[in-house]
Every structure is written in structure tokens, then in C-alpha cells.
Chemist: 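Sharing a structure with you now.
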Amino acid sequence: MSEAHFPPVDEQLALLQRGVADLVDETQLRSKVERSLATGTPLTIKTGFDPSTPDLHLGHSVLLHKMKHFQDLGHRVIFLIGDFTGMIGDPTGKNITRPQLTREQVLENAETYERQVFHILDKKKTIVDFNSKWLGELGSDGMIRLAGRYTLARMMEREDFRTRYTSNQPISLHELLYPLAQGYDSIALEADVELGGHDQIFNLLVGRDLMKEEGLEPQVVLTVPLLVGIDGTEKMSKSLGNHIALEDSPREYFGKTMSIPDDLMWDWYLLLTDLPEDEIARRRQQVETGELHPKKVKEELAALLTADYDGTVAAAAAAREFETVFAEGGLPDDMPLLALTGPILLAAALVDAELAACKNEARRLIQQGAVTIDGDK
């Protein structure tokens with residue numbers, strides 16, 4: 001028996017269910033936590049990340065924070081890099097087939113993931129694994145047998161597959177293998193709990209089904225909401241330019257957080273910080289009654305997020321610069337110069353100057369009055 005010491009069951013469940021979108025099911029999670037407490041044996045928590053792009057953003061960090069909750073409670077957290085599934089491409093939420101990545105692209109992206117996740121997770125307590133270890137060994141015979149465990153009818157229950165089928169959009173056969181491969185990960189790791197984004201619920205439940213067929217105790221499925229980006233409308237995404245990358249500068253962390261709509265900051269407090277829920281509710285009530293100005297609360301959120309990733313000194317400096325530039329009409333201490341050659345669209349100039357991640361974000365900044373030329377918005 002291990003020497004692990006865990007908090008009381010109700011205390012664990014309260015933290016684990018904070019900000020959760022789906023839980024299948026609560027009774028089973030309680031049972032697993034009670035057994036863990038009685039035996040002193042940590043639960044095995046699995047979370048998979050396919051390295052499809054090199055950068056992680058705050059939307060990914062919602063899941064990383066939930067992993068950290070399990071980690072802080074003494075459980076065994078596995079950060080699973082989908083170097084095999086990443087070459088298939090997750091079809092979740094897609095209306096077209098994802099481009100298949102090469103193994104070299106996947107491994108290059110995976111290397112950046114291993115560095116970025118430890119902004120949140122405890123490196124000493126985190127197990128990093130790669131699903132090519134077991135999926136690569138399955139071979140064609142094993143993959144055919146795995147495919148024989150699920151029917152096409154059940155696979156077509158997926159909303160994205162069903163939508164593409166009814167609208168005559170092609171569905172490649174390799175995409176049908178993705179949920180099965182992800183489910184097999186749970187068998188290989190004998191996961192007690194699998195975490196994922198709310199849009200991953202189908203894939204996670206497939207893993208639960210496959211574990212039952214294998215004669216294993218099925219995993220609990222726990223999902224977190226999809227974080228709305230800084231535009232206040234769409235899911236945070238690098239392609240939409242409404243994201244904050246985990247390795248953005250302190251200035252970008254603070255400034256971009258200050259740009260979010262007031263209503264959005266409550267979800268960000270809940271999903272991206274450890275501020276107690278009753279304190280979040282108290283601040284929200286104070287804003288609604290006029291006792292507290294929303295700008296003050298948003299500044300505190302921006303400072304918390306910036307400090308989490310860059311430290312309190314950098315957060316304080318970013319706050320001072322923001323106040324100088326935006327509140328007092330001053331200029332930043334460090335202003336890069338960009339030489340323009342010939343006529344250029346303003347949105348393109350902002351992207352070239354690395355003041356916006358993409359033209360969509362640049363247009364949004366222009367529309368919001370964040371860009372001035374000779375003092376004119």
C-alpha cells in the first residue's frame with residue numbers, strides 16, 4: 001500500500017466537479033474516490049493531447065487545470081501525447097477531413113507540448129506517455145479486430161459524422177478509426193478517469209464501452225467546457241485569432257485579457273483560476289450592484305493570468321504599461337519599428353509587425369478602435 005494521503009471524499013468531489021460540463025457518472029466517481037481513500041492508492045487519470053499544432057493556448061489550459069486538480073489531490077496524472085492518433089487526425093467538430101500529418105510534424109509539435117504543459121502541471125508528478133507505444137504494436141490484424149468491436153451505426157451517432165453524411169460531405173474511413181484508437185488508449189493505461197473537452201464526449205464514451213468489453217472497470221468520463229475566446233463569441237482558436245497562447249508575452253496576456261467582454265470574465269475566473277466559487281459570485285454581485293467597477297475585476301483577472309505564466313513581477317510591469325498606454329494615453333517603453341515598403345493594407349501591417357496573430361484579429365482590433373494613425377482611430 002502506498003503512503004499517499006488524500007483529502008476527504010466530499011472535498012475532492014467538490015474540486016473535481018468545479019466548472020465541469022459532463023460527468024459520466026458521479027456515483028462511479030464517488031465510488032472510485034472512496035476506494036482510493038480507503039486503500040491509499042491514487043486513481044489513474046488519463047488526458048490525451050494530439051500534437052496537431054505547435055502552440056497551446058488558454059483554451060487548452062482549461063483541461064490542464066482540471067488535470068492539476070487531480071494532481072493536487074494526490075492522483076496519478078498521465079499526459080498522453082497522441083503521436084499515433086495525431087497522424088489520423090481527430091474528426092471532432094470538423095466538416096471536412098483533417099489533413100494527415102507526417103510523423104516528423106507530430107513529433108516536432110509534441111516536443112513543444114512537453115515544454116508548455118509544465119506552465120501548469122507539476123513536472124515531478126506528471127507521467128508523460130505516447131500512444132504509439134501500444135497502437136503502433138497493434139498492427140493490421142489488431143486494428144481489424146479493434147474495428148470489429150464497433151458498428152457503423154453507432155459511429156454515425158456522432159453529430160459531426162451525421163451532419164457530414166446528410167450534407168454529402170465525404171467521410172474518410174481512417175476517421176472512423178480515431179475514436180477506437182483513443183478508446184484503446186484507455187484499455188492500455190487502465191484509466192480510472194479520462195478527461196477531455198466537451199466536444200470530445202463521444203470519443204471518451206467509446207473508451208468506456210471498449211473497457212467494458214475488455215472486462216475492465218469502465219473509466220469515468222469528465223469533460224470541461226470549451227473556452228470562449230477574446231472576441232466573446234467563438235471558441236478560442238488560433239485560426240480565428242481570438243486566442244492567448246501559453247507562451248505569449250506578459251504584455252499580450254494582460255492586454256488581451258483586458259479586451260474580453262465583461263460578461264466573459266466570470267467564466268474565465270471559474271475555468272482559468274483557482275479563485276473560490278463563492279468569491280467569484282461575490283464579485284459578480286458587487287459588479288451588478290455597482291459596488292465594484294468591472295474594469296477593476298478584469299484587471300485582477302489579467303494580473304492573475306499573467307502572474308500564473310510569467311510571474312508577479314512581469315504581471316505588475318504589464319499592468320503598469322497597460323495603464324500608461326490605454327488609460328493615460330501614453331506610449332510603451334519598448335516600441336519596435338517596422339519599415340513598410342510601398343502601399344500595404346493596415347490589417348496586413350499589424351500582422352507583419354506581430355501586433356496581431358492574423359488578419360481577422362487585426363480587423364477586430366481596428367473595428368474596436370484599438371489602432372490609431374497620427375492620433376486618429
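What you are looking at is a predicted structure, and each value in this text was computed from that prediction instead of being measured.
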Chemist: Do Lys125 and Val77 pass the side chain to side chain contact (heavy atoms under 4.5 Å, CB included) test, and can you show the C-alpha distance, the side-chain angles, and the key distance before you say yes or no?
Modeler: CA-CA 7 Å; Lys125 298 179 180 178; Val77 170; over 6 Å; no

Chemist: Hey, does Val206 have a side-chain heavy atom less than 4.5 Å from the side chain of Asn203?
Modeler: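 They are not in contact (no side-chain heavy atoms under 4.5 Å apart), so the answer is no.
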
Chemist: If you count the non-hydrogen atoms of other residues, nucleotides and ligands that lie under 6.0 Å from CD in Glu217, is the total more than 12?
Modeler: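 Counting other residues, nucleotides and ligands, CD of Glu217 exceeds 12 neighbours.
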
Chemist: Looking at Lys298 and Ser259, would you say the former's side chain and the latter's main chain have a donor-acceptor pair under 3.5 Å?
Modeler: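 No, the answer is negative, given that no donor and acceptor are paired below the 3.5 Å cut-off.
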
Chemist: Could you walk me through whether Leu271 and His65 satisfy the side chain to side chain contact (heavy atoms under 4.5 Å, CB included) test, starting with their C-alpha distance in whole Å, then the side-chain angles of each, then the deciding distance to 0.1 Å, before giving a yes or no?
Modeler: CA-CA 8 Å; Leu271 299 174; His65 277 285; over 6 Å; no

Chemist: Which of these, Glu288, Arg282, Arg284, sits in a side chain to side chain donor-acceptor pair (under 3.5 Å) with Gln286?
Modeler: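 Testing each of Glu288, Arg282, Arg284 against Gln286, the sole residue satisfying side chain to side chain donor-acceptor pair (under 3.5 Å) is Arg282.
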
Chemist: Can you name the closest pair of heavy atoms from Met211 and Ala191 and give their distance?
Modeler: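 Scanning both residues, the minimum pair turns out to be CE-O, 3.3 Å.
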
Chemist: For Glu190, does the CD atom sit with more than 12 other heavy atoms under 6.0 Å from it, leaving out its own atoms?
Modeler: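 Atom CD in Glu190 is not crowded, with 12 or fewer foreign heavy atoms closer than 6.0 Å.
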
Chemist: Are Asp72 and Lys68 close enough, and set up right, to give a salt bridge (charged side-chain N to carboxylate O under 4.0 Å, His left out), and what steps lead you there?
Modeler: CA-CA 6 Å; Asp72 290 343; Lys68 185 66 161 53; 2.7 Å; yes

Chemist: Got a donor-acceptor contact below 3.5 angstrom from the Gln182 side chain to the Gln200 backbone?
Modeler: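 Not at all, since once roles are kept as given, no pair shorter than 3.5 Å links the two residues.
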
Chemist: Going from CG on Leu301 to NZ on Lys296, what distance comes out if it is rounded to the nearest 0.5 angstrom?
Modeler: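 If we round to the nearest 0.5 Å, Leu301:CG and Lys296:NZ are 13.0 Å apart.
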
Chemist: Quick check: does any side chain N or O of Ser31 sit under 3.5 Å from a backbone N or O of Thr27, one acting as donor and the other as acceptor?
Modeler: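 Looks like no, no N/O pair under 3.5 Å.
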
Chemist: For the atom pair CG (Asp248) and OH (Tyr309), what is the distance rounded to the nearest 0.5 Å?
Modeler: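 Interatomic distance, Asp248 CG to Tyr309 OH, rounded to 0.5 Å: 11.0 Å.
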
Chemist: Is Leu226 reachable from Ile120 through a run of I, L, V, M, F, W or Y residues, each pair having side-chain heavy atoms under 4.5 Å apart?
Modeler: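 As far as the 4.5 Å side-chain criterion goes, Leu226 and Ile120 are not connected within one cluster.
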
Chemist: Examine distances only and state if a side-chain atom of Thr41 and a backbone atom of Ser36 form a donor-acceptor pair shorter than 3.5 Å.
Modeler: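 Absent.
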
Chemist: Passes side chain to side chain contact (heavy atoms under 4.5 Å, CB included), Val221 versus Ile201? Steps please.
Modeler: CA-CA 8 Å; Val221 167; Ile201 184 68; 3.7 Å; yes

Chemist: Following the transitive rule for hydrophobic clusters with a side-chain heavy-atom cut-off under 4.5 Å over Ile, Leu, Val, Met, Phe, Trp and Tyr, establish whether Leu152 and Phe202 coincide in one cluster.
Modeler: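 Shared cluster, yes.
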
Chemist: Applying salt bridge (charged side-chain N to carboxylate O under 4.0 Å, His left out), run through Glu323 and Lys295 and close with a yes or a no.
Modeler: CA-CA 11 Å; Glu323 187 67 19; Lys295 180 175 180 287; 3.7 Å; yes

Chemist: Using the side chain to side chain contact (heavy atoms under 4.5 Å, CB included) criterion, which residues pair with Glu114? Sequence neighbours excluded.
Modeler: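 Applying side chain to side chain contact (heavy atoms under 4.5 Å, CB included) to Glu114 gives Ile81, Val128, Phe130.
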
Chemist: Who pairs with Thr312 by side chain to side chain contact (heavy atoms under 4.5 Å, CB included), at least two apart in sequence or on another chain?
Modeler: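 Here the qualifying residues are Ala307.
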
Chemist: Could you grab the distance from atom CZ of Phe70 to atom CG of Asp192, nearest 0.5 Å is fine?
Modeler: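 Result: 9.5 Å between the selected atoms.
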
Chemist: State plainly whether the residues Arg115 and Glu111 are in salt-bridge range, i.e. N to O under 4.0 Å.
Modeler: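 The answer is no: the pair does not qualify as a salt bridge.
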
Chemist: In terms of ring plane angle, is the pair Phe49 and Tyr113 parallel, tilted or perpendicular, where the classes change at 30° and 60°?
Modeler: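 It falls in the perpendicular class, over 60°.
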
Chemist: Find out if a path of hydrophobic residues (ILVMFWY) with successive side-chain heavy-atom gaps under 4.5 Å connects Leu37 to Leu29.
Modeler: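 Yes, one cluster joins them.
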
Chemist: Does CD belonging to Glu213 count more than 12 external heavy atoms closer than 6.0 Å?
Modeler: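 Check passes, neighbour count above 12.
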
Chemist: Thr233 versus Val228: any side-chain heavy-atom pair under 4.5 Å?
Modeler: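 No. Closest side-chain heavy atoms not under 4.5 Å.
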
Chemist: List the atom of Pro225, the atom of His198, and the distance in Å for their closest heavy-atom pair.
Modeler: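 Closest approach of Pro225 to His198, heavy atoms only: CA-CB, 4.4 Å.
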
Chemist: Do Arg208 and Glu194 have side chains that get closer than 4.5 Å, going by heavy atoms?
Modeler: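 With C-beta onward as the side chain, the pair stays apart.
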
Chemist: Determine whether Leu64 and Leu121 make a side-chain contact, defined as any pair of heavy atoms from C-beta on separated by less than 4.5 Å.
Modeler: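 A side-chain contact exists here, since the closest heavy-atom pair is under 4.5 Å.
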
Chemist: Ignoring hydrogens and geometry, is there a side-chain-to-backbone donor-acceptor pair from Tyr269 to Asp274 under 3.5 Å?
Modeler: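 Pair absent, no side-chain N/O of Tyr269 close to backbone of Asp274.
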
Chemist: Whether the side chain of Arg162 engages the backbone of Glu157 through a donor-acceptor N/O pair (distance < 3.5 Å, no angle test) should be reported.
Modeler: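 A pair under 3.5 Å: yes.
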
Chemist: Is the shortest side-chain heavy-atom distance between Trp268 and Ile230 below 4.5 Å?
Modeler: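 Answer yes - side chains close enough.
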
Chemist: Is the shortest heavy-atom distance from the side chain of Lys235 to the side chain of Asp199 under 4.5 Å?
Modeler: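 Answer yes - side chains close enough.
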
Chemist: Does the side chain to side chain donor-acceptor pair (under 3.5 Å) test come out yes or no for Thr126 and Gln71, once each step is laid out?
Modeler: CA-CA 8 Å; Thr126 304; Gln71 201 169 63; 2.7 Å; yes

Chemist: If you take all heavy atoms of Pro7 and Gln12, which pair is closest and at what distance?
Modeler: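 So the minimum-distance heavy-atom pair works out to O-NE2, 2.9 Å.
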
Chemist: What are the two closest non-hydrogen atoms of Ala315 and Thr306, and how far apart are they?
Modeler: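 Ala315 and Thr306 have their closest heavy atoms at CA-CG2, 3.6 Å.
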
Chemist: Got Asp22 and Leu204 here, is their nearest side-chain heavy-atom distance under 4.5 Å?
Modeler: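 A side-chain contact is absent here, since even the closest heavy-atom pair is not under 4.5 Å.
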
Chemist: Roughly how far, to the nearest 0.5 Å, is CG of Asn109 from CG of Asp50?
Modeler: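 One gets 10.5 Å once the value is rounded to the nearest 0.5 Å.
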
Chemist: Answer yes if Tyr178 and Tyr184 sit in the same cluster of Ile, Leu, Val, Met, Phe, Trp and Tyr residues linked by side chain heavy atoms under 4.5 Å apart, and no otherwise.
Modeler: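 Yes, Tyr178 and Tyr184 fall within the same hydrophobic cluster.
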
Chemist: Are the side chain of Glu279 and the backbone N or O of Pro276 linked by a donor-acceptor pair below 3.5 Å?
Modeler: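 The answer is no, because no donor-acceptor pair under 3.5 Å joins these two groups.
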
Chemist: List the steps, then state whether side chain to side chain donor-acceptor pair (under 3.5 Å) holds for Ser167 with Gln169.
Modeler: CA-CA 6 Å; Ser167 60; Gln169 294 293 321; 4.7 Å; no

Chemist: Walk me through whether Arg145 and Leu138 qualify under side chain to side chain contact (heavy atoms under 4.5 Å, CB included).
Modeler: CA-CA 9 Å; Arg145 291 182 182 279; Leu138 268 180; over 6 Å; no

Chemist: side-chain contact (heavy atoms from CB on, under 4.5 Å) with Ile78: which of Ile45, Ile127, Thr47?
Modeler: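 With Ile78 as partner, Ile45, Ile127, Thr47 yield a single side-chain contact (heavy atoms from CB on, under 4.5 Å), made by Ile127.
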
Chemist: Linking I/L/V/M/F/W/Y whenever any side-chain heavy atoms sit under 4.5 Å apart, do Phe161 and Tyr150 land together?
Modeler: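 In one cluster with Phe161: Tyr150, yes.
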
Chemist: Angle between ring planes, His75 versus Phe6, binned at 30° and 60°: parallel, tilted or perpendicular?
Modeler: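 The rings of His75 and Phe6 lie parallel, inter-plane angle below 30°.
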
Chemist: Might you point out which heavy atoms bring Asp308 and Leu272 nearest each other, and give the distance in Å?
Modeler: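 Residues Asp308 and Leu272, closest heavy atoms: OD2-O, 4.2 Å.
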
Chemist: Roughly how far, to the nearest 0.5 Å, is the OG1 atom of Thr257 from the CD1 atom of Ile244?
Modeler: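 It is 3.5 Å, given to the nearest 0.5 Å.
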
Chemist: Can you name the nearest heavy-atom pair linking Asp209 to Arg154, along with the distance?
Modeler: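 The answer is OD2-NH2, 2.7 Å.
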
Chemist: What distance separates Leu346 CG from Ile366 CD1, expressed to the nearest 0.5 Å?
Modeler: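 Rounded to the nearest 0.5 Å, the CG-CD1 separation comes to 4.0 Å.
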
Chemist: What I'd like to find out is whether the side chain of Phe84 reaches to under 4.5 Å of the side chain of Ile88, using heavy atoms alone.
Modeler: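 A side-chain contact exists here, since the closest heavy-atom pair is under 4.5 Å.
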
Chemist: Do Asn242 side-chain atoms and Glu234 backbone N/O form a donor-acceptor pair below 3.5 Å?
Modeler: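 Side chain of Asn242 to backbone of Glu234: a pair is present.
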
